[in-house]
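Reviewing the structure listed below.
Quick note on labels: first sequence line is chain A, next is B, and so on, each numbered from 1.
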2 protein chains.
Amino acid sequence: MEKDQTTSQKYSKLLMTSRELFWKYGFSRVSIQEICKEAGISKMTFYRFFPNKLELAKAVFDRVVDEGLVKFRSIMHANISSADKIKQIVLLKREGVHEISQEFLKDFYANPELGLKTYIEEKTKTAWHEMLTDFRQAQQDGWIRADMKPELLFYMSQKVGDMLNDKRLSSLYNSPQDLVMELTNFFVYGISPHE
Amino acid sequence: MEKDQTTSQKYSKLLMTSRELFWKYGFSRVSIQEICKEAGISKMTFYRFFPNKLELAKAVFDRVVDEGLVKFRSIMHANISSADKIKQIVLLKREGVHEISQEFLKDFYANPELGLKTYIEEKTKTAWHEMLTDFRQAQQDGWIRADMKPELLFYMSQKVGDMLNDKRLSSLYNSPQDLVMELTNFFVYGISPHE
DNA sequence: GTATTAAAATACGAATATAGTAACATTTTA
DNA sequence: TAAAATGTTACTATATTCGTATTTTAATAC
């Protein structure tokens with residue numbers, strides 16, 4: 001008998017498939033049957049892993065956030081220059097826009113009685129907290145200026161991610177790479193000249 | 001009493017709204033109620049314009065194709081150089097990828113019993129035919145080489161649209177504009193030097 | 001071979017959602 | 001004001017979906 005469900009292939013397959021569908025169409029528009037059919041797994045097997053669709057959604061959300069956190073940490077603790085770290089994080093945020101789909105969240109803010117809204121907010125909060133801890137550590141390590149709120153730093157790194165996806169901005173540059181470099185430099189050095 | 005329904009504001013509003021929803025989520029995932037709610041129009045009014053969801057879908061599809069055709073014609077008959085015409089058409093095709101959403105079509109190919117599949121194919125066929133006529137006219141007018149099948153021309157203009165959206169290709173150029181110019185030149189002059 | 005077990009397929013009832021209609025109220029427009 | 005258009009509410013019938021129970025099938029252990 002399988003002891004740890006989370007390592008099961010079918011379990012992972014279900015998570016993957018439902019994430020794809022949820023991301024595209026949102027939570028309520030996707031039925032359990034559809035997920036099972038798409039994943040090639042019977043409904044009974046589904047119910048062996050998840051009691052209902054809501055718990056499935058939580059598991060999906062958990063995995064996405066955890067994966068994002070792992071990526072973030074591996075960058076923060078990598079043996080590269082501070083400028084490179086910022087650059088990597090900025091690039092991560094750019095992809096991150098697609099990490100948690102708007103369609104997926106829409107449903108929960110429209111139907112708060114589902115109870116997933118608060119769950120997501122809790123989970124997000126703890127993830128934030130963990131990232132802030134890493135930022136503070138970086139300040140102690142000296143590669144981030146100590147005289148600024150880490151919350152601001154975190155907020156900015158999110159904003160920069162958004163900027164990268166802003167067409168009005170990117171149209172000012174010849175290539176996406178140019179924009180990344182410009183924003184990274186701004187992020188690391190501000191408007192002050194360096195070197 | 002309103003004679004021509006297609007000029008009604010509510011009719012247009014319904015078409016617009018349902019197109020947006022169909023495009024994003026596909027046909028079956030969107031309910032009539034949802035469309036009405038989103039459009040701010042009562043269900044009764046909906047049924048005054050459309051007998052059911054299928055006829056609505058046909059109307060949506062019709063309008064999209066017709067609008068595309070109008071744009072195509074205005075370019076073909078515009079008083080600009082042949083190179084500019086090709087360029088405009090290529091640019092039109094680039095947007096055109098989003099014109100008819102994959103999500104929208106998926107449903108009909110998955111559920112052929114809906115009967116919309118054949119309808120769409122018919123409509124597309126006639127649109128093709130009309131565009132081919134315009135191409136032939138252009139050959140007679142002399143701004144397109146006469147010794148080639150217009151079908152090939154049409155096929156190529158579609159392919160070029162796809163190429164513009166190919167990241168592997170666009171990454172070879174500094175800007176999208178560069179790629180458009182390159183492809184347009186290739187389309188108009190082939191690989192032969194000109195001027 | 002047979003017994004045992006996990007998973008798939010099928011069927012099913014109950015709850016919910018949706019399509020479409022009808023009767024009546026309200027607003028818009030001429 | 002009168003006519004036309006639209007909105008509201010309620011309703012029925014149908015279809016979907018959920019979640020469970022039952023039967024089949026397939027694989028594995030004995």
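- Using modelled atom types and a 3.5 Å distance limit, the side chains of B:Asp62 and B:Tyr119 yield a donor-acceptor pair.
- Side-chain atoms of B:Lys53 lie closest to C:dA19 of the nucleotides C:dA8, D:dC18, C:dA19.
- Rounded to whole Å, atom P of C:dT18 lies 16 Å from atom CG of B:Leu56.
- The distance from atom CG of B:Leu21 to atom P of C:dT18 is 13 Å, rounded to the nearest whole Å.
- Across all strands, B:Lys43 comes closer than 4.0 Å to base atoms (heavy-atom distances).
- Between A:Asn52 atom CG and C:dT16 atom P there is a gap of 14 Å when expressed in whole angstrom units.
- The cationic group of B:Lys123 does not satisfy the cation-pi geometry with B:Phe61, failing either the under 6.0 Å distance to the six-membered ring centre or the 45° limit from the ring axis.
- Of the listed nucleotides (D:dC18, C:dA9, D:dT6), C:dA9 has the atom at the smallest distance from the side chain of A:Met44.
- Applying the 4.0 Å criterion to OP1 and OP2 of C:dA8, one finds that A:Thr45 has a side-chain N or O inside that range.
- A donor-acceptor pair under 3.5 Å links the side-chain atoms of B:Lys85 to the main chain of B:Met76, judged by distance alone.
- Picking from C:dT18, C:dG20, D:dC18 the nucleotide with the shortest atom distance to the side chain of B:Ser31 gives C:dT18.
- For A:Arg48 and C:dA6, the shortest distance from a side-chain N or O to OP1 or OP2 is not below 4.0 Å.
- Computed from coordinates, the A:Phe27 CZ to D:dT17 P distance equals 14 Å when rounded to whole Å.
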- Message: Quick one, A:Asp141 with A:Gln137, criterion side chain to side chain donor-acceptor pair (under 3.5 Å). Give me CA distance, side-chain angles, the key distance, then yes/no.
- Response: CA-CA 6 Å; A:Asp141 294 349; A:Gln137 185 61 46; 3.1 Å; yes
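- As rounded to whole Å, 14 Å separates atom C1' of D:dA15 from atom CG of B:Asn111.
- Rounded to whole Å, the distance from CD on A:Gln33 to P on C:dA9 is 14 Å.
- Annotation: A:Glu103, atom CD; neighbour count of heavy atoms from other residues, nucleotides and ligands within 6.0 Å is above 12.
- The distance from atom CZ of B:Phe50 to atom C1' of C:dA19 is 16 Å, rounded to the nearest whole Å.
- Spacing between atom CZ of A:Phe46 and atom P of D:dT20 amounts to 11 Å, rounded to whole angstrom units.
- In terms of position on DNA chain D, the residue among B:Ser42 and A:Ile32 whose nearest nucleotide sits closer to the 5' end is B:Ser42.
- Comparing A:Pro51 and B:Gly40 against DNA chain D, the residue whose closest nucleotide sits nearer the 5' end is B:Gly40.
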